Amino acid sequence: MSYQNILSATNSGITTITINRPSKLNALNKATIQELHDAFDEANKSKSTKVIIVTGSGEKAFVAGADISEFADFDVKQGSKLAAKGQELLFDYVENLSTPVIAAVNGFALGGGLELAMSCHFRVASTNAKMGLPEVSLGVIPGYGGTQRLPQLVGKGRAMEMVMTAGMIDANQALDYGLVNHVTSVEELIPLAEKIASKIMRNSSVAIKSAINSINANYKDGINGFKTEIKQFGKCFGTEDFTEGTTAFLEKRKADFPGK
Ligand code: COA
């Protein structure tokens with residue numbers, strides 16, 4: 001597939017999706033959200049993609065937010081639709097993807113940018129990263145899941161302060177908050193994400209899919225995460241990956257998992 005606003009490249013099991021509107025600090029307009037959906041969908045379906053890394057192009061930004069110029073004249077109905085459609089196409093979609101997604105936060109991750117990073121399964125950041133949800137400074141609130149995922153990741157009090165002040169935190173503060181898992185230099189950011197991806201790829205993609213589903217169940221209304229885990233655990237026993245994983249262990253060799 002060819003894209004106007006993003007780049008997508010697959011190498012040795014890793015698909016790297018790069019949001020590519022550096023002159024607008026990679027702000028998420030409608031077209032970019034749709035393209036991201038398509039690229040994530042394509043990578044998720046592809047047997048050759050074991051892990052997805054998402055990052056921003058240029059030296060300044062991961063994503064500086066939703067594209068303000070696109071919604072500045074919206075009314076109530078259009079605003080609600082913007083949030084609903086975006087959540088469905090991108091943010092909830094990424095969170096529930098069965099292929100692991102790592103956000104490599106390489107600069108500003110603001111508003112929709114931080115919301116995208118928070119939808120990913122986990123995050124690594126470079127030292128120049130700055131993260132925040134500045135929406136209340138525009139007279140609006142985070143609408144792509146930020147009011148839900150930020151407190152899940154950093155705790156309610158910190159989320160309240162970040163949202164109310166509309167302030168930014170730097171990479172080390174984000175590390176301290178547990179918002180990102182690792183901080184490294186700008187040059188080492190993608191290599192670090194790839195190194196983690198390589199570790200993930202040694203394991204069963206089929207089991208990882210079940211693990212993502214079970215962990216996410218903890219955050220879904222009306223779903224019992226423990227019951228989900230029992231179901232997913234049981235399901236693993238019927239997979240070729242389970243047969244290969246346990247056989248390889250007993251035969252004292254490295255597993256070669258057939259599934260995705
Ligand atoms: N939506 C649309 N355009 C955006 C944008 C956004 N969220 N963020 C940045 N841009 C555009 C700017 O309008 C500018 O475009 P122009 O050159 O055509 O005027 C370009 O990206 C560069 O941004 P600029 O503001 O000049 O860079 P800066 O280094 O001075 O400031 C930021 C960087 C991130 C602090 C600033 O761009 C900003 O505050 N952006 C909006 C952040 C935000 O509120 N996001 C939440 C949206 S809900």
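Whatever order the structure lists ligands and atoms in, that order sets their numbers, starting from 1. Because the structure is a prediction, the values reported are computed rather than measured. All values below come from the heavy atoms of this structure, side chains included, with hydrogens, waters and symmetry mates left out.
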Looking at [Y], is its backbone amide N or carbonyl O close enough to the side chain of [X] to form a donor-acceptor pair, meaning the two atoms are under 3.5 Å apart?
X: Arg123; Y: Ala117; answer: yes
X: Glu115; Y: Tyr144; answer: yes
X: Asn106; Y: Gly56; answer: yes
X: Asn128; Y: Val186; answer: no
X: Glu35; Y: Gln4; answer: yes
X: Ser46; Y: Ser48; answer: yes

Is it the case that atom CD in Gln148 sees more than 12 heavy atoms from other parts of the structure closer than 6.0 Å? no
Give a yes or no on this: more than 12 heavy atoms of other residues, nucleotides or ligands lie within 6.0 Å of atom CZ of Phe249.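 No, CZ of Phe249 has 12 or fewer neighbouring heavy atoms, counting only those of other groups under 6.0 Å.
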Is [X] near ligand 1, meaning one of its heavy atoms is under 4.0 Å from it?
X: Lys60; answer: yes
X: Pro142; answer: no
X: Gly112; answer: no

Determine, using the 4.5 Å side-chain heavy-atom cutoff (strictly less than), whether Ile169 and Val63 are members of one ILVMFWY cluster. yes
Transitive ILVMFWY side-chain link Val124 to Ile52, under 4.5 Å: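 No, Val124 and Ile52 fall in different hydrophobic clusters.
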If we count only non-hydrogen protein atoms and require a distance under 4.0 Å, does [atom] qualify as touching the protein?
atom: atom 2 (C) of ligand 1; result: yes
atom: atom 39 (O) of ligand 1; result: no
atom: atom 19 (O) of ligand 1; result: no
atom: atom 10 (N) of ligand 1; result: yes
atom: atom 34 (C) of ligand 1; result: yes
atom: atom 28 (P) of ligand 1; result: yes

So which protein heavy atom does [atom] come closest to, and at what separation?
atom: atom 36 (C) of ligand 1; answer: Leu25 CD1, 4.6 Å
atom: atom 5 (C) of ligand 1; answer: Ala27 CB, 4.0 Å
atom: atom 46 (C) of ligand 1; answer: Pro134 CG, 3.8 Å
atom: atom 14 (C) of ligand 1; answer: Ser23 O, 4.3 Å
atom: atom 15 (O) of ligand 1; answer: Lys24 NZ, 3.4 Å

Please identify which atoms of ligand 1 are closer than 4.0 Å to at least one heavy atom of Leu110.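 Listed by number with element, the hits are 34 (C), 42 (C).
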Counting each atom of ligand 1 from 1 as listed, which ones have a heavy atom of Asp67 under 4.0 Å away?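 Contacts of ligand 1 toward Asp67, numbered from 1: 1 (N), 2 (C).
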Does any non-hydrogen side-chain atom of Thr127 lie less than 4.5 Å from one of Val183?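 Sidechains of Thr127 and Val183: in contact.
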Determine whether Phe122 and Ile196 make a side-chain contact, defined as any pair of heavy atoms from C-beta on separated by less than 4.5 Å. yes
Would you say [X] and ligand 1 have an N/O pair spaced under 3.5 Å apart?
X: Phe71; answer: no
X: Ser69; answer: no
X: Ile68; answer: yes

How does Ala64 reach ligand 1, by side chain, by backbone, by both or by neither, if only non-hydrogen atoms under 4.0 Å count?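 Near ligand 1, Ala64 shows its backbone as well as its side chain.
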Heavy-atom distances under 4.0 Å are what count here, so tell me which part of Ala61 touches ligand 1: side chain, backbone, both or neither. neither
